[in-house]
Amino acid sequence: MNYIYLDEIDSTNNEIKRLAAKGYSDKTVVSADTQTNGRGRQGHTWESPKGTSIATSILIRPSANIEITHIPRITILSALAVCDALEKASGIKTEIKWPNDVLLDHKKVSGILTELCFMPENTKAFDSEYSIIFSKGSKYIVCGIGVNVTTNDFPDEIKDMATSILLSMKEHGMSDEKISALSKKSIIEDIWENFISYYKEFEKTESLEFIKEQYERRLVNIGKRVRIFDPKGEYEATALGIDVAGRLLIETGENEYKAVDSGEVMVRGIYGYV
Ligand code: BTN
């Protein structure tokens with residue numbers, strides 16, 4: 001693992017892409033004290049306030065040709081890697097809102113953005129357009145994680161949905177000594193060590209069978225009514241768990257079941273965020 005620490009960057013995911021183009025190796029990790037253009041899922045922005053949050057991304061150069069449709073599975077396993085690291089740091093049980101929001105006290109403490117990228121090996125011009133030729137081995141994955149560590153307050157719009165490790169530890173009456181022992185560097189290194197050990201197992205079969213139980217234990221949506229935001233139309237269902245592909249299993253009616261994909265739908269609780 002090669003750790004690079006920066007004071008400020010536009011986005012650690014963007015920096016990983018620049019380093020990948022320069023030939024940096026598998027498992028390069030970039031972390032920054034603040035991001036000026038942090039990106040979230042579904043085109044949202046992600047705030048990384050200076051000094052109080054973690055913004056960290058890893059470069060993964062898959063040894064085999066990972067199926068493009070299997071990328072959301074990496075996000076699922078990275079959520080578990082974050083849970084393990086945050087529980088170790090805070091001593092508080094984490095939860096997951098499918099697919100990959102990590103929660104403390106039902107509020108979001110961490111978000112994950114996984115991207116599949118291609119290295120243009122060659123470009124050739126024809127008819128004033130450029131076609132990019134991709135070759136085997138030219139794919140790489142960027143997994144970026146943001147964690148609110150010592151953030152003390154959040155803007156009104158997200159106050160009810162967001163928390164930090166610090167706020168949650170205070171809420172749970174943890175000692176000042178334990179709170180001041182929080183180390184962003186240790187959390188970052190724990191996250192990526194956990195991630196790599198889950199990822200190695202995942203690479204063998206590309207199935208999430210080995211973490212399904214651990215994940216479902218933390219899944220805040222389980223057994224709850226959820227609202228499914230499908231571009232083809234919204235509906236309500238009951239969340240049952242995940243399948244080995246990381247899709248959310250839902251019951252849509254009596255004896256009617258289906259699995260929904262995180263690339264296609266968004267899920268919320270029917271009364272709010274969870
Ligand atoms: C989300 O929940 O919407 C995902 C947020 C992901 C934020 C992280 S911070 C490190 C990395 N760099 C980015 O620009 N985004 C990810």
Side-chain angles (χ1 to χ4, degrees), residues 3-20 24 27-60 71-83 85-86 94-104 106-117 140-151 154-155 157-158 160-165 184-185 187-192 194-195 218-221 229 246 248 262-269 273-274:
Y3 288 101
I4 300 169
Y5 290 93
L6 305 171
D7 285 339
E8 184 180 296
I9 198 74
D10 53 347
S11 148
T12 53
N13 272 31
N14 295 354
E15 182 63 7
I16 286 286
K17 291 180 197 174
R18 290 186 285 262
L19 298 184
Y24 273 63
K27 301 195 200 75
T28 296
V29 173
V30 171
S31 309
D33 213 26
T34 186
Q35 298 183 119
T36 53
N37 191 19
R39 294 183 290 111
R41 294 180 66 224
Q42 280 130 3
H44 292 139
T45 54
W46 179 265
E47 296 300 326
S48 304
K50 194 169 177 55
T52 64
S53 59
I54 285 172
T56 185
S57 306
I58 196 166
L59 168 62
I60 294 291
I71 300 304
R73 304 182 187 191
I74 295 171
T75 309
I76 294 269
L77 66 86
S78 53
L80 264 192
V82 172
C83 285
L86 299 200
T94 53
E95 293 172 314
I96 299 170
K97 174 183 168 284
W98 184 84
N100 61 345
D101 285 355
V102 176
L103 319 180
L104 283 171
H106 278 36
K107 292 179 177 183
K108 180 162 170 172
V109 68
S110 169
I112 301 164
L113 177 67
T114 309
E115 299 177 273
L116 175 69
C117 308
Y140 65 91
I141 293 157
V142 184
C143 177
I145 296 175
V147 184
N148 305 321
V149 183
T150 52
T151 325
F154 290 90
E157 319 84 80
I158 57 167
D160 296 337
M161 291 186 292
T163 192
S164 68
I165 304 180
K184 290 203 295 174
K185 190 166 175 281
I187 297 172
I188 290 169
E189 293 180 5
D190 282 344
I191 288 174
W192 295 123
N194 300 339
F195 174 89
R218 289 177 168 118
L219 188 60
V220 72
N221 316 91
F229 295 85
L248 187 70
S262 61
E264 286 152 20
V265 304
M266 204 189 88
V267 169
R268 295 191 71 139
Y273 173 55
V274 292

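Counting starts at 1 for both ligands and their atoms, in listed order. Since the structure is predicted, the reported quantities are computational estimates derived from the model, not experimental observations.
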Problem - Check ion pair D10-R18 (N to O, under 4.0 angstrom) - result: yes

Practice task
Mark yes or no for whether N221, through its side chain, and W98, through its backbone, hold a donor-acceptor pair below 3.5 Å.
Solution key: yes

Problem - Lys/Arg N to Asp/Glu carboxylate O, E115 vs K17, below 4.0 Å - result: yes

Exercise for the section: Give the atoms of ligand 1, by number and element, whose distance to some non-hydrogen atom of G38 is under 4.0 Å. Expected result: 14 (O)

Problem - R41 N/O to ligand 1 N/O under 3.5 Å - result: yes

Exercise for the section: Provide the number and element of each atom of ligand 1 under 4.0 Å from a heavy atom of G40. Expected result: 1 (C), 3 (O), 4 (C), 5 (C)

Completion exercise
Taking only non-hydrogen atoms of S57 and a 4.0 Å limit, the atoms of ligand 1 in range are 11 (C)

Problem - N or O pair under 3.5 Å between N37 and ligand 1 - result: no

Practice task
Quick one: look at I112 and ligand 1, take heavy-atom pairs under 4.0 Å, and tell me if it's side chain, backbone, both or neither.
Solution key: backbone

Practice task
Have a look at ligand 1 and work out which part of Q42, if any, has a heavy atom under 4.0 Å from it: side chain, backbone, both or neither.
Solution key: neither

Handout entry: Rounded distance (nearest 0.5 Å) linking atom CD of E47 with atom OG1 of T151
Key = 11.0 Å

Handout entry: Side-chain (S31) to main-chain (Y5) donor-acceptor, under 3.5 angstrom
Key = no

Problem - Taking atom 12 (N) of ligand 1 as the reference point, the nearest protein heavy atom with its distance - result: Q35 OE1, 2.9 Å

Fill in the blank from the handout: In this structure, OG of S57 is separated from CD1 of I141 (nearest 0.5 Å) by 13.5 Å

Exercise for the section: Nearest 0.5 Å please: distance from the CZ atom of F195 over to the CD1 atom of I60. Expected result: 4.5 Å

Practice task
Check each heavy atom of K108 against ligand 1 and say whether those closer than 4.0 Å belong to the side chain, the backbone, both or neither.
Solution key: side chain

Completion exercise
Note: ligand 1 atoms sitting under 4.0 Å from heavy atoms of S11 are 12 (N), 13 (C), 14 (O)

Problem - Closest protein heavy atom (residue, atom, distance) for atom 10 (C) of ligand 1 - result: T12 OG1, 3.2 Å

Problem - Main-chain N/O of P49 paired with S53 side-chain donor or acceptor, under 3.5 Å - result: yes

Problem - Closest protein heavy atom to atom 15 (N) of ligand 1, given as residue, atom name and distance to 0.1 Å - result: R39 O, 2.7 Å

Exercise for the section: Could you tell me whether some N/O pair between W46 and ligand 1 is separated by less than 3.5 angstrom? Expected result: no

Handout entry: Region of T56 that comes within reach of ligand 1 [heavy atoms, distance under 4.0 Å]
Key = backbone

Fill in the blank from the handout: From the list D33, T52, T150, side-chain hydrogen bond (donor to acceptor under 3.5 Å, both in side chains) partner of K184 resolves to D33

